[in-house]
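Contents: one structure, followed by commentary.
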There are 2 protein chains.
Amino acid sequence: MSMQSKPSMPVIKRLPRYYRYLGEMENEGVVKVSSSELARMMGTTASQVRQDFNCFGGFGQQGIGYNVKLLREELGKLIFSREPIPTILIGAGNLGHAMANFLKKDAQGFELLAAFDVKPEMVGLTLCDVPILDTQALADFCAEHHPKVAVICVPREAAMQAAQQLIDLGIRGFWNFSHYDFSIEYPDILVENVHLGDSLATLSYAVNNDL
Amino acid sequence: MSMQSKPSMPVIKRLPRYYRYLGEMENEGVVKVSSSELARMMGTTASQVRQDFNCFGGFGQQGIGYNVKLLREELGKLIFSREPIPTILIGAGNLGHAMANFLKKDAQGFELLAAFDVKPEMVGLTLCDVPILDTQALADFCAEHHPKVAVICVPREAAMQAAQQLIDLGIRGFWNFSHYDFSIEYPDILVENVHLGDSLATLSYAVNNDL
DNA sequence: AGGCAGTTGTCAATGTTTTAACACAGTGGC
DNA sequence: GCCACTGTGTTAAAACATTGACAACTGCCT
């Protein structure tokens with residue numbers, strides 16, 4: 001039970017998937033699981049599974065395997081905070097709607113407080129039970145509610161403009177759907193990019209080159 | 001100008017980003033660029049940039065750098081096919097709407113032919129100029145139009161059910177937003193996963209652990 | 001009780017990706 | 001024309017990630 005080494009990015013990126021599979025198993029009533037079975041689901045080796053968990057101190061029992069419920073709880077503690085992270089949405093367009101929906105219904109660990117948009121006809125409406133506010137009101141809102149994460153669903157130009165303000169207002173984390181790369185210009189923040197265009201392009205490459 | 005070695009996955013994943021940056025530069029009228037400048041934008045080293053391009057034969061000129069327009073064109077040829085890939089959308093819900101929009105307006109290399117949904121009230125409507133059809137009509141539609149890629153915007157259970165049928169109907173590539181992992185059960189297809197939940201969880205881990 | 005089959009934690013070996021180093025090509029000043 | 005300067009293509013080294021191997025442990029069967 002010794003913390004082996006600081007988890008590397010590939011390990012961290014696998015955690016949510018372990019967590020997801022374990023959730024499915026728990027729903028199906030599975031009690032214990034072996035590293036080799038998890039490996040089969042993940043498409044990797046048992047060795048990697050064990051080593052991944054060992055970065056965090058190893059949650060298994062020798063000779064037995066891993067307790068599904070316990071392991072999931074431990075991973076949950078690593079991934080999610082005790083309190084949901086207060087979050088705002090920038091850009092209540094098509095994509096913004098879908099992501100608000102996702103945050104409210106399918107995601108855990110985040111609490112959507114409000115959405116912001118520049119379009120006057122949007123302001124005043126609600127989106128999944130949260131108000132759509134004018135971007136003008138952003139500073140006041142943040143001063144009062146201290147959101148920690150912003151979901152960026154505006155085009156590149158708007159994201160560029162908003163970046164400095166959001167950081168100044170105390171936002172530390174970004175779930176970024178825009179084509180603007182925050183991390184380049186502001187190194188001290190946490191950005192999770194979802195570059196849909198890049199993802200599609202990768203698929204295109206794969207289809208083209210028959211990978 | 002010698003093809004060095006088969007490009008590895010990390011290289012391929014970087015190509016769309018190079019392509020994106022080069023597009024921005026071209027718009028700004030930049031004519032030439034050096035590997036070190038590209039490296040600064042990408043957040044990596046000049047060495048990596050040069051090596052990445054060399055997988056495909058090296059598009060630069062010694063002593064000069066890279067011609068922005070030329071390099072972008074070459075990368076474009078690698079990533080995209082001559083003809084847009086005929087594509088269908090499965091699931092015309094909130095997310096499906098956003099992705100149809102994205103495919104039509106922001107993406108290149110794909111042509112959205114139709115959307116499919118099981119909800120009767122959806123069927124018959126249009127979505128970004130393409131018809132929303134009943135899932136029942138899927139087989140006939142594919143027989144006639146031969147789509148090559150499907151965008152999966154339905155929940156896990158529906159994706160599981162649809163998987164075999166879509167593959168049988170000749171779909172080779174999937175842009176998958178569901179929590180169902182195609183690649184595990186069907187190895188001979190091309191899947192680009194966009195696991196929004198996993199992405200959010202990664203952000204949560206980062207915020208929690210202050211990475 | 002003892003051996004066997006199954007499983008984890010851990011360390012070593014292997015494979016892959018990134019970074020560094022350097023020879024060589026082109027450009028511009030003189 | 002020659003020399004310094006810039007910057008690529010390419011090879012080698014370093015860093016990193018995955019896989020293999022094995023001791024330690026458990027439960028079960030005889």
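Each chain gets a letter, A, B and so on, in the order its sequence line appears, and its residues count up from 1.
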Taking CD1 from Ile12(A) and P from dA17(D), how many angstroms apart are they, rounded to a whole number? 10 Å
Whichever of Phe53(B) and Asp52(A) has its nearest DNA chain D nucleotide further upstream toward 5': Phe53(B)
Strand-adjacent residues in residues 181-191 of chain A, judged by heavy atoms under 4.0 Å from DNA chain C: none
Asp188(B), CG: over 12 other non-hydrogen atoms inside 6.0 angstrom: no
Heavy atoms, side chains only, cut-off 4.5 Å: are Phe102(A) and Asn94(B) in contact? no
Quick one: which of dT18(D), dT18(C), dT19(D) gets closest to the side chain of Arg14(B)? dT18(C)
Does Glu192(A) come within less than 4.0 Å of Lys13(A), counting only side-chain N to carboxylate O? yes
Heavy-atom distance under 4.5 Å between the side chains of Glu74(B) and Tyr66(B), does that happen here? no
Test item: Ser36(B) side-chain N/O and Ser34(B) main-chain N/O as donor-acceptor pair under 3.5 Å: no
Expressed in angstrom and rounded to an integer, what is the separation of Lys32(B) atom NZ from dG7(D) atom C1'? 9 Å
Nucleotide N/O to protein N/O under 3.5 Å, stretch nucleotides 20-23 of chain C:
{"from": "dA20(C)", "atom 1": "N7", "to": "Ser47(B)", "atom 2": "OG", "distance (Å)": "2.6"}
{"from": "dA20(C)", "atom 1": "N6", "to": "Ser47(B)", "atom 2": "OG", "distance (Å)": "3.2"}
{"from": "dA21(C)", "atom 1": "N6", "to": "Arg50(B)", "atom 2": "NH2", "distance (Å)": "3.4"}

Could you list all the ring pair (Phe, Tyr, Trp, His ring centres under 6.0 Å) pairs where at least one residue sits in residues 150-176 of chain A, not counting sequence neighbours? Phe174(A)-Phe182(A), Trp175(A)-Phe177(A)
Can you find a side chain N or O atom of Ser34(B) that sits less than 4.0 Å from OP1 or OP2 on dT6(D)? no
Tell me, please, which residues at least two apart from Asp168(B) pass side-chain hydrogen bond (donor to acceptor under 3.5 Å, both in side chains). Gln164(B)
Any protein N or O atoms within reach of nucleotides 27-30 of chain C? Criterion: under 3.5 Å, listing atom names and distances.
none

Check whether any side-chain heavy atom of Ile88(A) lies under 4.5 Å from a side-chain heavy atom of Leu138(A), and answer yes or no. yes
When you compare the side chains of Ser178(A) and Asn176(A), does any donor N or O come within less than 3.5 Å of an acceptor on the partner? yes
To the nearest Å, how far apart are Gln48(A) CD and dG15(C) C1'? 13 Å
Does a side-chain heavy-atom distance below 4.5 Å link Leu71(B) with Tyr18(B)? no
Taking only residues two or more places apart in sequence or in another chain, which ones pass side-chain contact (heavy atoms from CB on, under 4.5 Å) with Glu26(A)? Val68(A), Lys69(A), Arg72(A)
Quick one: Leu38(A) CG to dT7(C) P, roughly how many Å, whole number? 12 Å
Step by step, work out the salt bridge (Lys or Arg N to Asp or Glu O under 4.0 Å) result for Arg17(B) and Asp52(B). CA-CA 12 Å; Arg17(B) 245 171 100 217; Asp52(B) 281 357; over 6 Å; no
When rounded to whole Å, the NZ to P distance for the pair Lys13(B) and dT18(C) reads 13 Å
Expressed in angstrom and rounded to an integer, what is the separation of Asn67(A) atom CG from dT8(C) atom P? 13 Å
Does a nitrogen or oxygen in the side chain of Ser35(B) sit under 4.0 Å from OP1 or OP2 of dG7(D)? no
Contact class for Ser36(B) vs. all strands (heavy atom < 4.0 Å): base, sugar-phosphate, or nothing? nothing
Presence of Tyr66(B) side-chain N/O under 4.0 Å of dT6(D) phosphate oxygens OP1/OP2: no
